[in-house]
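Below is one structure, written out as structure tokens; comments come after it.
The analysis underlying the following values was restricted to heavy atoms, covering all of them including side chains, and did not include hydrogens, waters or symmetry mates. Every chain is numbered from 1, with letters handed out A, B, ... down the list of sequences.
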Amino acid sequence: MAIPYNKRTCDCGALRPSDVGKPVTLAGWVNNYRDHGDNLVFIDLRDRGGITQCRFNVDTDPQATRVARTLRKEDCIVVRGEVISRGENINPKLPTGHIEVSVHEVELLNKSLTPPFEVADHVEAGEDHRLKYRFLDLRRPTMQRTMIVRHRVLQCFRNFFYNEGFLEIETPILTKSTPEGARDYLIPSRVFPGEFYALPQSPQLFKQLLMMSGFDRYMQIARCFRDEDLRADRQPEFTQVDLEMAFVDLEDVLDVTERSLAVVWKETLGVEVPVPFRRMSYDEAMRDYGIDRPDLRFDLKLLDVSDVVRASTFNIFQQALAAGGIVKAIRLPGGAEMTRKETDGLTVEIQGIGAGGLPMTKVVAGQGGAPELQTGIGKFLAPVADELIRATGAEIGDALFFACGKFENVSKHLAWLRSTLAQRRGLIPKDRWEFLWVIDVPMFEYSEEDGRWVSMHHPFTMPREEDLDRLESDPGSVRAKSYDPVVNGVELASGSIRIHDQAIQNRVFRALGISEAEAHAKFEHLLTALQYGAPPHGGLALGLDRIIMLLTGTDNIRDVIAFPKTQRAYCPLTECPSPVDDKQLAELGIDLAASVKAKLAAAQTM
RNA sequence: GGGGCCGUAGCUCAAUUGGUUAGAGCAUCGGACUGUCGAUCCGAAGGUUGCGGGUUCGAUUCCCGUCGGCCUCGCCA
């Protein structure tokens, strides 16, 4: 008689000594089997709740034991039996380790082929392999835990924002291509041949329109799409917890956002996050950390030593300073113990991100015990050694690393060095969460490539009122009413107060070199809506994937997404993207370029 | 588009300066075993060294190309 698998009594992680004596029905996958010959067979049964050991005794249940002997890893089974105590033979590694199920009946629901890799946390498998067999990879306990955390965090955000009066409203996936920002994924229209929808990079304009529609407080768990190259923390489709509020100013958005994050950290990790978060201006972040998302878990600030090294004899510095550049340094406590091999390795790596090299020196005890600079560029710095040691606060045993040139490059190189040194030298404290807001970000940055100003955030961002009169005369000095929450060097979100005045919106478009005709072609709906009583509003979008990465302690975004893509945005599981029938293309009025056809043909004959 | 690392058994990896029949652990298969729990013991099977070319008496090793994976710069409002 078949065992009623639809009447499971609990999951495989639930049973405890207090359940001893109860009849149970469990179903799941064979995690492991141990066959002890004549008498005993053990099966570790796994489902998303955990693992329960099942015992088969040939003396009492010969038929079930016969079946159990044939079971192999990843077979899907259902068992019926009785919870018994393990006596002395407890397994402290399992929450269910004090009990086991004495199985009287077992049924194989589906036999598994030998899996291509073992479903266990301790067995590593190549990542493309894991993605090809993602349904097996997701059975691993850590992956299951991650997906469960993800679920809980989503619930947590939803509950929090509902309680704060937010409405969850969906926005279109098929929408309009936008000129600024990332490359769009395009969807050809069958009904309008030659015309295209775009997948949303974010629901930005729709959420602003919802504010103009009077919904006041909006939230959505929104899937967003950007056709740009991938990174360890970037996927072509990703999830944002998207917010927008009307009749608010900057303080209101910051307040509700930081409280939501505090709740999520409390609920998932039990960590109390103090609110309000500290705030740092963009200029301060760039000056002290060289990056707009500083990791405040460790010090290693960037120190401007331009004036100090001006009198040194190091040519590279002289040239940089003469060209209007700067020289900055990082003081690494204990860095003098680094080997030549280590520092040479850093030099090669920093050259890989565009630096000319990595000037450095060590602070050692000279004659009489006074600190002096040795190795590296020490001899060139001799004329300014005392002053440099004083300016950097360097002590005997430290190392000093330098970068020189344009502010942007120095910042980029030393920001990389700062976090690399902190990681390799073990300077990052565990279980520390350093939240902050980065505010007062410039509205625009100049794009050499495009020969014009481009938005740092997006074109709908409100400038600070006191900077408005410089929008035309000095756009580079205008700061935005934008705000980014950052934790441990990770940008969690990005948001701003929006422009709700058509005149200001037009001035910003003009500053961006977007003509009136183009603005109307691309944003007619927004510009029109701004003329019908648009309320002041603002919001932000939290990067859910990165939040889950932080909460689960992974540095790989693929680990927090059930079905992610490879670095080339390929899915090994579904083997997509993939070619489509000529008929489908014909319906869309699309003809492939000759070069593309040739490539496809060549690939097929291979 | 640029830089870096990698590709050897089903999986994770090793293989000396370019040199005998390319090894190990896990998985698999067969056998043993009364309490294991990442079981243990005995045995077996398992390889176009990603693919193509070159150098060489001889290539997993060196060179060129190509395909794929990862990290990264550019890019990502």
Side-chain angles (χ1 to χ4, degrees), chain A residues 31-45 51-59 72-74 84 86-94 96-97 100 113-133 136 178-184 201-202 204-205 224-236 238 345 348-355 409 412-413 416 420 441 443-445 447-450 453-461 480 482 491 494 496 508 512 514 541 543 555-556 558 565-568 570 572 602-603 606:
Chain A
N31 194 62
N32 203 359
Y33 61 94
R34 293 174 294 279
D35 184 345
H36 278 263
D38 284 346
N39 264 43
L40 276 178
V41 177
F42 295 104
I43 299 281
D44 294 333
L45 190 62
I51 289 176
T52 296
Q53 174 165 287
C54 298
R55 188 195 72 161
F56 298 78
N57 188 326
V58 79
D59 296 331
R72 291 297 177 269
K73 291 180 184 188
E74 301 315 315
I84 61 174
R86 289 221 208 170
E88 298 293 302
N89 302 307
I90 61 167
N91 182 354
K93 290 181 189 169
L94 293 179
T96 61
E100 63 192 354
L113 295 172
T114 300
F117 50 83
E118 280 180 81
V119 178
D121 286 335
H122 64 95
V123 179
E124 290 299 318
E127 201 162 354
D128 42 344
H129 220 68
R130 289 173 54 198
L131 293 187
K132 183 164 177 57
Y133 296 94
L136 290 176
T178 50
E180 296 276 300
R183 193 177 295 114
D184 286 318
Q201 295 173 30
S202 79
Q204 183 60 38
L205 291 178
C224 306
F225 306 86
R226 292 177 193 177
D227 188 3
E228 296 290 349
D229 287 347
L230 275 48
R231 286 286 189 283
D233 61 351
R234 251 193 256 160
Q235 280 274 299
F238 58 99
V348 171
E349 287 178 84
I350 205 166
Q351 284 170 334
I353 65 167
N409 292 333
K412 176 177 138 189
H413 300 148
W416 174 86
T420 302
V441 180
M443 275 288 283
F444 311 106
E445 60 185 334
S447 164
E448 300 289 344
E449 190 190 329
D450 299 341
W453 294 96
V454 297
S455 295
M456 289 276 281
H457 187 53
H458 58 53
F460 321 108
T461 304
S482 70
E491 185 189 292
S494 199
S496 62
V508 169
L512 290 168
I514 298 174
D555 51 10
N556 177 346
R558 283 169 252 104
K565 296 186 172 50
T566 69
Q567 203 190 25
R568 298 201 314 151
Y570 178 73
M606 262 169 42

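Rounding to the nearest 0.5 angstrom, the gap separating the CZ atom in Phe42(A) from the SG atom in Cys54(A) is 11.0 Å. Note: Ile84(A) CD1 to Glu100(A) CD = 4.0 Å, rounded to the nearest 0.5 Å. Going from atom CG of Leu131(A) over to atom CZ of Arg558(A) covers 7.5 Å, rounded to the nearest 0.5 Å. A distance of 8.5 Å separates CG in Asp227(A) from CG in Asp184(A), rounded to the nearest 0.5 Å. Atom OG1 of Thr114(A) sits about 10.5 Å away from atom CD of Glu74(A), to the nearest 0.5 Å. The CZ atom of Arg86(A) lies 5.5 Å from the CG atom of Asn91(A); values are rounded to the nearest 0.5 Å.
A close approach under 4.0 Å does occur between a side-chain nitrogen or oxygen of Lys93(A) and OP1 or OP2 of rG38(B). The phosphate of rG68(B) has OP1 or OP2 within less than 4.0 Å of a side-chain N or O from Arg568(A).
Taking atom C1' in both rG35(B) and rC71(B), the straight-line distance is 47 Å, to the nearest Å. When the P atom is compared between rA15(B) and rG58(B), the two are found 25 Å apart, to the nearest whole Å. Annotation: rG74(B) and rG2(B) have their C1' atoms spaced 8 Å apart (nearest Å). The same atom, P, is picked in rG30(B) and in rU12(B); the two are 25 Å apart, to the nearest Å. rG43(B) and rC6(B) have their C1' atoms separated by 36 Å, given to the nearest Å. Going from the P atom of rU8(B) to that of rC13(B) covers 9 Å, rounded to whole Å. Taking atom C1' in both rA14(B) and rG52(B), the straight-line distance is 26 Å, to the nearest Å. Taking atom C1' in both rG53(B) and rC70(B), one finds a spacing of 27 Å when rounded to whole Å.
With hydrogens and angles left out, the side chain of Arg231(A) and the base of rG74(B) share a donor-acceptor pair within 3.5 Å. The base of rC76(B) has none of its N or O atoms less than 3.5 Å from a complementary donor or acceptor on the side chain of Arg226(A). Within 3.5 Å, no donor on the side chain of Arg34(A) pairs with an acceptor on the base of rG35(B), nor the reverse. No donor-acceptor contact under 3.5 Å links the side chain of Glu349(A) to the base of rU72(B).
In this structure, of rG1(B), rG35(B), rC76(B), it is rG1(B) that holds the atom nearest to the side chain of Asp229(A). Here the nucleotide nearest the side chain of Arg86(A), chosen from rC70(B), rU36(B), rC75(B), is rU36(B). Closest contact between the side chain of Arg558(A) and the listed nucleotides rC71(B), rU36(B), rG74(B) involves rC71(B).
As the counterpart of rG68(B), rC6(B) is assigned, both hydrogen-bonding distances of the Watson-Crick or G-U wobble pattern falling under 3.5 Å. A 3.5 Å limit on both hydrogen-bonding distances identifies rU28(B) as the Watson-Crick or G-U partner of rA44(B). Pairing for rC62(B) goes to rG54(B), judged as Watson-Crick or G-U wobble with the two contacts each under 3.5 Å.
Where Gly97(A) and Lys412(A) meet RNA chain B, the nucleotide closest to each residue was compared, and Gly97(A) sits on the side nearer the 5' end. Mapping Thr566(A) and Glu449(A) onto RNA chain B by nearest heavy atom places Thr566(A) closer to the 5' end of the strand.
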Produce a footprint string for nucleotides 29-34 of chain B: one letter per nucleotide, 5' end first; B if the base is under 4.0 Å from any protein heavy atom, S if only the sugar-phosphate is, - if neither.
S---BB
Letter by letter from the 5' end, nucleotides 2-13 of chain B scores (B base, S sugar-phosphate only, - none; protein heavy atoms under 4.0 Å) B-------SSS-
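Following rounding to the nearest Å, Trp416(A) (CH2) and rU72(B) (C1') show an atom-to-atom distance of 10 Å. Look at CG on Asp233(A): it is 16 Å from P on rC75(B), rounded to the nearest Å. Residue Leu230(A) contributes atom CG, which lies 15 Å from atom C1' of rG74(B) at whole-angstrom precision. For Met456(A) and rC76(B), the CE to P distance is 12 Å, given to the nearest whole Å. If you take CD of Gln204(A) and C1' of rC76(B), they are 16 Å apart, rounded to a whole angstrom. Taking atom CG of Asn91(A) as the reference point, atom C1' of rC37(B) lies 5 Å away to the nearest angstrom. Atom P of nucleotide rC37(B) and atom CD1 of Ile43(A) are separated by 15 Å, given to the nearest angstrom. Distance Asp450(A) CG to rG74(B) P: 16 Å, rounded to the nearest Å.
With Gln53(A) contributing its side chain and Gly97(A) its backbone, the two residues share no donor-acceptor pair below 3.5 Å. With hydrogens and angles disregarded, a donor-acceptor distance shorter than 3.5 Å links the side chain of Thr96(A) to the backbone of Ile51(A).
Counting non-hydrogen atoms under 4.0 angstrom, Gln201(A) reaches nothing in the nucleic acid. Residue Ile90(A) is classed as a base contact, given a heavy-atom separation below 4.0 Å to a base. The residue Ser202(A) sits close to a base: some heavy atom pair falls under 4.0 Å. Residue contacts for Glu100(A): at a heavy-atom cut-off of 4.0 Å it reaches a base atom on one of the strands shown. In this structure, Ala120(A) reaches neither bases nor backbone, as no heavy-atom distance under 4.0 Å exists between it and the strands shown.
Heavy atoms only, all atoms of each residue included: Asn556(A) and Glu127(A) are closest at ND2-OE2, 3.1 Å. When all heavy atoms of Gln201(A) and Phe238(A) are compared, the pair lying nearest together is O-CZ, 4.3 Å.
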With side-chain contact (heavy atoms from CB on, under 4.5 Å) as the criterion, how do Arg226(A) and Ser202(A) come out once you've worked through the C-alpha distance, each side chain's angles and the decisive distance to 0.1 Å?
CA-CA 9 Å; Arg226(A) 292 177 193 177; Ser202(A) 79; 4.2 Å; yes
Full working for salt bridge (charged side-chain N to carboxylate O under 4.0 Å, His left out) between Arg234(A) and Asp229(A):
CA-CA 8 Å; Arg234(A) 251 193 256 160; Asp229(A) 287 347; over 6 Å; no
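In this structure, Asp59(A) places its CG atom where more than 12 heavy-atom neighbours from other residues, nucleotides or ligands lie under 6.0 Å away.
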